[in-house]
Q: 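Attaching a single structure in structure tokens format; questions to follow.
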Amino acid sequence: MEKSDEIFEITLNSGPFADTPLLVRPEETTDGIPIYHCYVDGSSRSQLRRETTGEWLQLWGDFSADTVRLIGKAIEEQRLDK
């Protein structure tokens, strides 16, 4: 896996992390589908991945399914802005 220097910030409008900045660090994988490392207050909290079906999965962490979807949507919106 290759680390990316492209760290970006997202903020959710609802859920347990509403109005809390989350840092996201993408990491390229050998299969071409990046893993997104999520940090809250400087601590690694989760790793997410968007499957080819469009579903967001949590590879590591304890976020609820709704929170994973909210973060995934915010990541998609951030990536489309680039």
Side-chain angles (χ1 to χ4, degrees):
M1 285 188 226
E2 181 178 316
K3 291 184 180 180
S4 172
D5 292 332
E6 190 181 333
I7 296 173
F8 57 92
E9 184 177 293
I10 59 172
T11 304
L12 305 180
N13 295 323
S14 61
F17 297 107
D19 300 321
T20 300
L22 283 84
L23 288 179
V24 178
R25 181 180 55 82
E27 183 174 326
E28 295 300 320
T29 62
T30 56
D31 65 3
I33 301 174
I35 293 173
Y36 296 91
H37 299 264
C38 301
Y39 299 86
V40 179
D41 295 326
S43 296
S44 180
R45 297 289 304 269
S46 184
Q47 293 177 358
L48 306 180
R49 176 181 169 121
R50 184 173 182 258
E51 294 296 309
T52 55
T53 62
E55 180 183 7
W56 283 90
L57 298 177
Q58 182 170 219
L59 304 175
W60 174 87
D62 60 1
F63 293 161
S64 71
D66 287 337
T67 299
V68 170
R69 281 191 291 276
L70 287 170
I71 293 172
K73 182 178 178 187
I75 289 171
E76 288 173 357
E77 290 172 357
Q78 176 74 21
R79 303 303 277 177
L80 289 175
D81 287 345
K82 295 212 170 245

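What's counted below: heavy atoms across the whole structure, side chains too, no hydrogens, waters or symmetry copies. Not measured: the values here are computed from a predicted model. Throughout, numbering of the chain's residues begins at 1 and tracks the sequence.
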Q: Less than 4.5 Å apart, any side-chain heavy atom of S14 and any of L70?
A: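 Answer yes - side chains close enough.
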Q: Does the side chain of I75 come within less than 4.5 Å of K73's, by heavy atoms?
A: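 Side chain of K73 against side chain of I75, heavy atoms only: no contact under 4.5 Å found.
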Q: What I want to find out is whether R69 reaches E55 closely enough, with some N-O distance under 4.0 Å, to be called a salt bridge.
A: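 Between E55 and R69 there is no salt bridge, as every charged N stays at least 4.0 Å from the carboxylate O atoms.
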Q: Are the side chains of L57 and V68 in contact, using a 4.5 Å heavy-atom criterion?
A: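 Side-chain contact under 4.5 Å: no.
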Q: For the residue pair E76 and W56, confirm or rule out a side-chain donor-acceptor distance under 3.5 Å.
A: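 Per modelled atom types, E76 and W56 side chains form a pair under 3.5 Å.
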Q: Mind checking the CZ-CD1 spacing from R50 to I33? Nearest 0.5 Å is all I need.
A: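 Atom-to-atom, R50:CZ and I33:CD1 are 9.5 Å apart.
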Q: Without swapping roles, check the side chain of T11 against the backbone of T20 for a donor-acceptor pair under 3.5 Å.
A: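 Not a single qualifying donor-acceptor pair exists.
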Q: Please work out whether the ring planes of Y36 and F8 are parallel, tilted or perpendicular, with thresholds of 30° and 60°.
A: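 Plane angle over 60°, so perpendicular.
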Q: Taking all non-hydrogen atoms of both residues into account, name the closest pair between Q47 and H37 and its distance.
A: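 Taking Q47 first and H37 second, the nearest heavy atoms are NE2-CE1, 3.1 Å.
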Q: What distance do E27 atom CD and E6 atom CD have between them, rounded to the nearest 0.5 Å?
A: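 Interatomic distance, E27 CD to E6 CD, rounded to 0.5 Å: 13.5 Å.
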Q: Any heavy-atom pair between the side chains of L48 and L59 that's under 4.5 Å?
A: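 The answer is no, as the side chains (C-beta and beyond) never meet within the 4.5 Å cut-off.
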Q: What are the two closest non-hydrogen atoms of P34 and E28, and how far apart are they?
A: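 That would be CB-OE2, 4.2 Å.
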Q: Are the side chains of S46 and Y39 in touch, meaning some heavy atoms are under 4.5 Å apart?
A: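 They are not in contact (no side-chain heavy atoms under 4.5 Å apart), so the answer is no.
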Q: If you measure from CD on Q58 to CZ on R49, what distance do you get to the nearest 0.5 Å?
A: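 The distance works out to 14.5 Å.
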Q: Can you check whether C38 reaches L23 side chain to side chain, under 4.5 Å on heavy atoms?
A: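 Counting from C-beta outward, C38 and L23 never come under 4.5 Å.
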Q: Side chains of L12 and I71, heavy atoms from C-beta outward: is any pair under 4.5 Å?
A: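 Counting from C-beta outward, L12 and I71 do come under 4.5 Å.
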Q: For D31 and T29, does a side-chain donor sit closer than 3.5 Å to a side-chain acceptor?
A: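 Their side chains do contain a donor-acceptor pair, which is all the 3.5 Å distance test asks for.
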Q: Going by heavy atoms in the side chains, are D62 and R45 under 4.5 Å from each other?
A: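 Of all side-chain heavy-atom pairs linking R45 with D62, at least one is under 4.5 Å.
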Q: So how far is it from D41 CG to L22 CG, rounded to the nearest 0.5 Å?
A: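 Output value for this atom pair is 9.0 Å.
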